[in-house]
Structure formats: C-alpha cells, structure tokens
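Only one structure is covered here, and it is reproduced in the block below.
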Amino acid sequence: MSDSHVRFDDIYLATEPYVRAVGQVRISTPGIGWKAAEGEAEALAGLSIPGLSLPGGVLALQREDLRRLQWQRMARGYGLRIYMKNGTVHRLDGFAAEDFDTLRDAARRLLHGLALETRDISTKGWNWGRTDFEGTTLTFRVDNRPMFDLPMACVSNTNLANKNEVSIELQPPRTKGLRRKGGPDELVEVRFYVPGTAAAAAAADKKTGSDADDDGEEAEADGEVSAASVFHDTIKERADLGQVSGDSIVQFAEVLCLTPRGRYSIDMFSHFLRLRGKTYDYKIPYENVQRLFLVPKPDELHMMFVVGLNPPIRQGQTRYPYLVLQFVRDEEAAVDLNFDADAAARRFEGSLRSHYDEPLYRIVSNVFRGVTDKRLVEGGAFRGYHGSQGIKASLKASEGTLYPLEKGFLFAPKPTLYIPHSEIASIVFSRVDASSTNKMRTFDLKLNMHGSQDYQFVSINREEHATIEAYLAEHGIKMLSELGEAAAVSYKGMDVDSDDGGAARVQALGLSDEESSEDEDYVAGSDVDVPEEYDEDYVSPNDDEEDG
C-alpha cells in the first residue's frame, strides 16, 4: 500500500454469475480498477460487462461515475458492491475481514470522501418482508435488512398467478464462451404473495402498455387496484418484459400458438424476441432457439412452424421446449422491417430483406431463420400413401402428426418431439398381422432409443406401412417385427379378402409346406370317445389294482 493507491490480491470479479476469474484490485485517485490475473481473462470471454475491456480483462470504474460502496458478507469471505450512477452494480468478493478498515480509509482519502457502508444480511429465515428496487435489482428485506437479491436481467417471465400472488420466472444468463463449472442447481421461480390494494393513480404510473388481464387487474369502483397488480407491472417494467413500441425490427400480431395454447403477439428485437399474451409474457434470447421446422398439416389448409427452445419456457410447473405456431396456408401479408430500430439491428441487413410480400408463414419462418442464424428444416422427400408429408399417429393419448424428415422424426403439435436418427437403435412394427377373423386397419411403431426413453406411436393407418418401411430402408434404420426378426413384416401378399390369404399368413409366420401338411398317420373315423369322459360307471384298471 502506498499513499497514491491501495492494492488487494486474489479478488474475484462477481458482477456476472458463474464467473470464476481472480485478479487484482487497485483503488486510486482516478477510481477503482480490477485486472485479471495471468490466464484468468479467458473465463471472461463473451461477457458484456460495462467498463470491462477484453481480451486483457481490465475493469475500469471512474471516480466521478461511482455512487455508493457497500461491504457485506459473501460466500468467499467478504465482498464489495459498487453502485454506479447509471444503475449498474459491480461485485468484487474474496476480501478478508481485516480489509474493511483499509478499504474504508482508502475510499475516504482517494475517492472524494465516498463512504463505505456496511450491508448487514438478514439471517432470520422469515418469508415475509418488503421489496425494494435498487437499479435493476430487486431486494427482499426482512426487518429492514436485505435477505436476497433478484437481478432483473435474469427474469424471463412474470404473471399474476391469482389476485394476490405474483410469479417470477428466472432464466440464468447464458453467455457464449462461458462455461458453468460443476453445473450448480439454479433457482427457476419465486412467488410473492402481495396483499392489499394500491391507489389507481399510482398503478397507472406503473403501466407499461401491455395487455391487462380481466381477472383483478382493472381498477375497482373505489379507484384502487390490487397491490399485486402494481408489483407485477413494476417487475415487467424493470425486467423489460412489457410492451415496447417503435424500437422493434418487426411485429407479428395475434399469432395462433398451439403449444402453449393461445394467441400471442411476437415482437422481434435485435437480440431477443418477446411473446406477449393475455396472461403470459416471455422474453426469449435468440441464442435459446435451437431448431426451426416448417411442416404442413395433413388437412392441407394450415402450416405449422415449430421453434425448439433450450432452456424451455415455463407456465407454472409445465415446461414447453417447443413453440408451435399455426398459420393459414393461403394467408398473404406485406411486412416492412425496421433496421433502424437500433445499431445492433443493422447486422441483419445481409440475412433479411427490408420488405416481404408473400404468405405469412413464409415471412415468419424466414425472419426467424435470419435473426437466429439457424437452419430451417422443411418437410423432406417422404410422401405418405395419400401424398402427404406427415402421417397421423397417436403418442399415448395425444393425437398428432408424425413427420419423417431427412435426419429424424418430428411429432407435433402436442407433445412436440424431435427424435434424431442417430438416437434410434431400432424400430419395431407391432400389430401388423392380419387375418380373416381380425382385420387390422392400423399398426403401431415403437422406437427403441440408445439409452433413453422409448417412444411408441399407435393407430397408424395400415396403408402407410409400405411407405414407412421404404423410408427406414432408405435411411439405414434397423427394422424389427414383433417377434424380433431382422426385417419388418410386410403387408404385401397379406390381403385377408383373397383366397391365398391363408397361405400367405403361413409363409409370414415362417412355416414350411411340410410343417403345414396333413399327418400321414391320421386315419379318418378312428376317433373313439374316451370312456372316462362320458361313462359315470367306468372303472379304470388302476382303480381295480388299488382296490385289490
């Protein structure tokens, strides 16, 4: 330590979760600086922390931008929370208890008398208290002491579970190049019970323009609304989940969504999309989009656009790893894209057109493909018996359509599944036998997976067997019959209405002509009624021997 600066070694930068980068902290007259130790800057690759310069791994915080300094107990000893005037909060932890006096003197001497506050954490374990917002962080306080913080940047959805209960769903940040070591457990949802009412005027100030539910959100006759509604709107505003107009690239209004069910408006921004429904709002980063499918429904009137998500969106305890949007096939639209929404939106000018005039399903799928940079998989070369790209099937009690694609099977709309060919060990045909007494019009298809749950699709039309068999043979997928043979049973030559049906069934069962011929030792009329079956007075020879 010198008069011009104060230095601390082995201090962690904890502004972003899951970061394990250690370095050196220096407090001097220009401000506070943190520099990553040798080899530690790699853990910061891909982060966008204000004031952090890469690849050197240097965080520079100017003195005139500092607002508050707080000292508190942390998992790694003690930590320093640095509040900036623009609302950003930086965290440094790994300090020892005896560093408090040194930090307090350095802040007073080098940072224009900035005081180092002590933040006492509540450890009472109570589940009631009050909430405060500090910049972009929600703080839950018990006895006027903070118990925990919820960063609004991690909020993916919030909704009114009922009149007095607000649900907040959390999605930890997933940054490219950042690996989570050890795979820790994560908090995914918090629910707050908010009793009482608030003045309607105060509630109106919190409104962000999003659709309000009819169940308890409207102002009451006495000019008050529920406090839970005000809290819900505040969360949407701070987490940037509400409706934003004028700065989106494109908006699609009232799109029918089969999974999850409802109508949602889709706002496309430079780094994320927003689903806005009557009850649920979702903010989905483009990096969460993993797959895109565009397939026709068997009715030839609608198209389904399937968006695979990881992590999935949630409604309470229900997880939705796929969005299934439905469009009328003949619905045309003209859409203009706003590349001037912000500077980041201009990067899409090479992958998107500024004007679209074509079917709506094609516009939406092309825009999704452009902003996510994912391959759009459309129906492959497979054609069913009636020429459709999918075949009707049922998975357990759910009816849907099974689409044999180029590299896997897609089942939609609910539950939506994508099964790659590489994960399939074999496919078993069940109930393929047809006889004169039991005419099977459907069959089952069981997919045996490599080390995961098997899937069985039932009630598939018998006419589709030959087309599926040809598809599996073309893609080199192993087929088995119900008896475990190395080839699938074919319906060819098994017409139950023909005179040769019996012989065909004998061949299908693997019986030779000799095995099915008549017994040469059989003599007609040689059948004799067994006496003990019909004569109640019959006495067997063994009975006589036992009596003797």
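Because its NZ or CZ atom is both nearer than 6.0 Å to the ring centre of Phe133 and within 45° of the ring axis, Arg238 counts as a cation-pi partner of that residue. For the pair Arg68 and Tyr83, the cation-pi criterion (under 6.0 Å, within 45° of the ring axis) is fulfilled.
No side-chain donor-acceptor contact under 3.5 Å links Thr234 and Glu237. With no hydrogens or angles considered, a side-chain donor-acceptor pair links Asn448 and Ser426 at under 3.5 Å. Using modelled atom types and a 3.5 Å distance limit, the side chains of Gln389 and Tyr403 yield no donor-acceptor pair. A donor-acceptor contact closer than 3.5 angstrom links the side chains of Thr139 and Asp149.
For Arg329, the side-chain contact (heavy atoms from CB on, under 4.5 Å) test picks out Pro296, Glu300, Met303, Tyr361, with sequence neighbours left out. Residues passing the side chain to side chain donor-acceptor pair (under 3.5 Å) test with Gln326, sequence neighbours excluded: Lys297.
In this structure, Leu44 and Leu54 approach most closely via the heavy-atom pair O-CD1, 3.4 Å.
No option in Tyr418, Tyr455, Phe293, Tyr471 other than Tyr471 meets the ring pair (Phe, Tyr, Trp, His ring centres under 6.0 Å) test with Phe409.
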Item to complete: Start with the C-alpha gap between Asn159 and Asp281, add the side-chain angles, then the distance that decides, and say whether side chain to side chain contact (heavy atoms under 4.5 Å, CB included) holds.
Response: CA-CA 8 Å; Asn159 62 82; Asp281 292 340; over 6 Å; no
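In this structure, the ring of Phe327 has its center no less than 6.0 angstrom from the ring center of Phe305. The aromatic ring centroids of His271 and Tyr286 lie 6.0 Å or more from each other.
With a 4.5 Å cut-off on side-chain heavy atoms, Ile468 and Ile391 count as touching. Taking 4.5 Å as the limit, every side-chain heavy atom of Tyr322 sits out of range of all side-chain heavy atoms of Thr259.
Around atom CD of Glu64, more than 12 heavy atoms belonging to other residues, nucleotides or ligands sit under 6.0 Å away.
Separating the OG atom in Ser430 from the CZ atom in Phe457 is a distance of 13.0 Å, to the nearest 0.5 Å.
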